[in-house]
Amino acid sequence: MNDEPPNARSNPDHERTRNAETDGGLDPGIGRNSPSEPEPTETPPFGEPMDVPPEYRQEESVVEHRSLRSRIVRGLREDKLALFGAVVVVGFVLVAVFAPYVAPYDPGATFGFMQSPDSYSQADVDGDGSIERVWHPLGTDSFGYDVLSRIIFGARVSLAVALATVLVAFTIGTAIGLAAGFYGGWIDSVLMRYVDFQWAFPEIILGVAIIAFAGGRGVENVVIAIGIAYIDDFARLIRGEVLSLREEEYVTAARAIGMSNRRIMTKEILPNAVAPLIVQATLMIPLAILAEAGLSFLGLGVSPTTPTWGLLLSDGRQFISRAWWISVMPGIAIMVVVLAFNTLGDGLRDIFDVSDSEVEQR
Amino acid sequence: MSRSTDSAPAPAETESTSAETTASETDVGTSASGEANADATDAEAPLLAARNISKYYDQSEGFLDDLIGDARPVRAVDGVDLEVRRGETLAVVGESGCGKSTLGRTLLNLESVTGGHIEYRGEDITGLSGSAMQPYRRDLQMVFQDPLASLNPRQTVGEILKAPMEVHGIGESDEERTERVRELLGLVGLKEGHLDRYPRQFSGGQQQRVGVARALTLSPELIVADEPVSALDVSVQAQILDLLDDLQTELDLALCFVTHDLSVVRHVADRVAVMYLGEIIETAPVEELFANPRHPYTKSLLSAVPRIDPAARTDRTVLEGTVPSPADPPSGCRFHTRCPAVIPPAEWAGTQAEFKSAFTFRNRVLGEEIDPEAIRTRLSAESAATDNDAVATRITERFVPDTDAQLPANARKAIENAAARLANGETEAAKTTVTEAFPSPCEDETPRDTPTEGGHVACHRVDPEMPGDPDVL
């Protein structure tokens, strides 16, 4: 408080106020213990002891501020299960991204048919004419493809489709929920009736209908089909958030300075509603993986030849009694990823559930 | 209040010219303050004027509520006339729930009015939509009650303070706006280093300084401060009040200060408007109001202000009963159910205190506050007789004791009558009895605004054309 503000006025009254505040002179009985904090009777922020010299106190509180990201990092460190989920998710994403380098063989390379896990076959893998002995940790399928390589390449499509799907649902759902919650009235009625209508449809049936309507299989159509089917979850969630947030005083304050509705929605309300959305998105991804697998299983997946987890599962079903691993192995992959996303989502929800103040003071 | 006229001369006449006159006199009154300013601007057109504005809140939702529910609207603000002049501080005082905060928000078009007009410099700004209201937002700003709630928790102070400038296109670049924000922080007594902090990292007083700084960003003409210090510690309250006071003098601001705290009013206000159940019942310059309150309600409010000097302590006028529901306000003068100076009918033979005693009984009966069955249970617990007569006697003794007021015989008779009917379970008959026995002119007619020293008051006792001695209380 010793640096004068650049435009300090020479008004004596004004000087008096500021001085009274800095030396606690306004109310001599209070404020002796920390002379340069104007409101010493308040609980010191972030749990520092009262006698920390004020010059340190300020520095520290800046460092101590919790951004969304630092809260997530901190929360994950404490919640081991969520951390495990995060590690598995990241692991799968990395494997998917670097599939050509990670997968032992080309997903289109054929070997011996229906070899059991941990078996070997003879093949010319690198194409130099010499036959080598190759290992199939998860066996091969009915066409002689290596199951592990198929699963690794399948992760690419499955995860990408899931992420894109959730992104579509997130974007459209947020827009709908934001508008419905913020404007209320007939806009709310129309939008939410649409959401109800959609909610009443089983997702898979809706997906099938949309794919049929969009003209058949294909990555984009699958993404659109599943994405649309999940709009309602996001729309409902964000509408509920907005309904409470729009009554906040800072929204009134934003209107008082003449802020446009659009800016209020995007700058004032949305950032405060984003935490539950992140949780929801994390929990929707496994559902999207399953939905994609379901569509693939029904033969409405991305394409009959592109390996996805659902398609692998589906391909193996007629051989389930003779070669269980063809279906079970991709099934395990699906299960592990879904589980990982769910634990991560639950962990994130716990992190965000703690009210802001508690986190700040921890 | 609906028929009230303000002390400012012929508002309709000055409407058209006021905008130019006031605009051309931008540097008038920079140094003037307090009453001098208030007096000097008396002849001027007001900066912001409310003309008979109302704000009703509909309680019903959908047609089912209309059929079976409570469909009466809550009249938060009901026919208020108010003027804020340039550079003055107008305090709006009242109990919680009297509609003063709603009035503040309505003045700034943050709530749409149900009726009436709001004029800014003579221009009608009633119900302007977002974009049409935009230019006026620069001049009309607000400071909120809960400083933390009014600041977006996800934005730094810098972002919060830059937002108004971005919205109104002030400043060429982000650097220029940041520079202006630094100035503002200095002006409200915060440091430049606070720019990148989040609201939660401040103490309550500092948060409110940010709130004040935000209101100042657009260099407004008028700030509505809705209980700006009631959420703060007492020691911090004084700092914020001083800050507002200094800023007002420096920047020639008009302040509309909404508060329930009369000690704060004395500290900051030039003029005071006292509100009761959605109506303004008295306005006066602050010195006049504290020295010579006219309305019985104002008097009782003032008598409730704690005083340090024992010699200055007077008998407190304690108001009886609770504030009536704004959905169903009392007829006539809305204060008559609780007024210590309620006017007796012409034929009343006793004294004012006696009438008040009988009138209080009447209101208890009308409000169904007396439960004869509870009294019967009580009597049986005391192993006394529990027949209707005993209950009636107990009601009379309990609510209108002889020691309290020697009522005229016919009044005493009427009370005993009503008590007997209550004991009989004939509540409606008891109501009729007391209504007929104890009428008051106060319940019949809405009091008119009677001009007083620099203000006006709406009370039958003050109105020379109405019965009732003004000096009773």
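In the text below, chain A, chain B and the rest are named by the order of the sequence lines, each starting its count at 1.
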Could you tell me whether the side chain of [X] and the main chain of [Y] form a donor-acceptor pair under 3.5 Å?
X: B/Arg177; Y: B/Ile170; result: yes
X: B/Gln248; Y: B/Leu253; result: yes
X: B/Gln237; Y: B/Val229; result: yes

Under 4.5 Å heavy-atom distance to chain A, tell me which part of [X] shows up: side chain, backbone, both or neither.
X: B/Glu159; value: neither
X: B/Leu140; value: backbone
X: B/Arg138; value: neither
X: B/Leu151; value: backbone

Given A/Phe197 and A/Met192, is the side chain to side chain contact (heavy atoms under 4.5 Å, CB included) satisfied, shown in steps?
-> CA-CA 8 Å; A/Phe197 170 78; A/Met192 291 325 280; over 6 Å; no
Is a salt bridge present between B/Glu192 and B/Arg182, judged by a nitrogen-to-oxygen distance below 4.0 Å?
->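 So B/Glu192 pairs with B/Arg182 through a salt bridge.
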A/Asp188/A/Arg239 ion pair, N-O < 4.0 Å | yes
Interface moiety of A/Arg263 toward chain B, non-hydrogen atoms closer than 4.5 Å =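 Side chain only.
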With chain A, which of B/Leu148, B/Val224, B/Leu110, B/Leu218 has the greatest number of heavy-atom pairs at distances under 4.5 Å?
-> B/Leu110
Scored by heavy-atom pairs under 4.5 Å with chain A, the best of B/Met142, B/Arg214, B/Met133 is B/Arg214
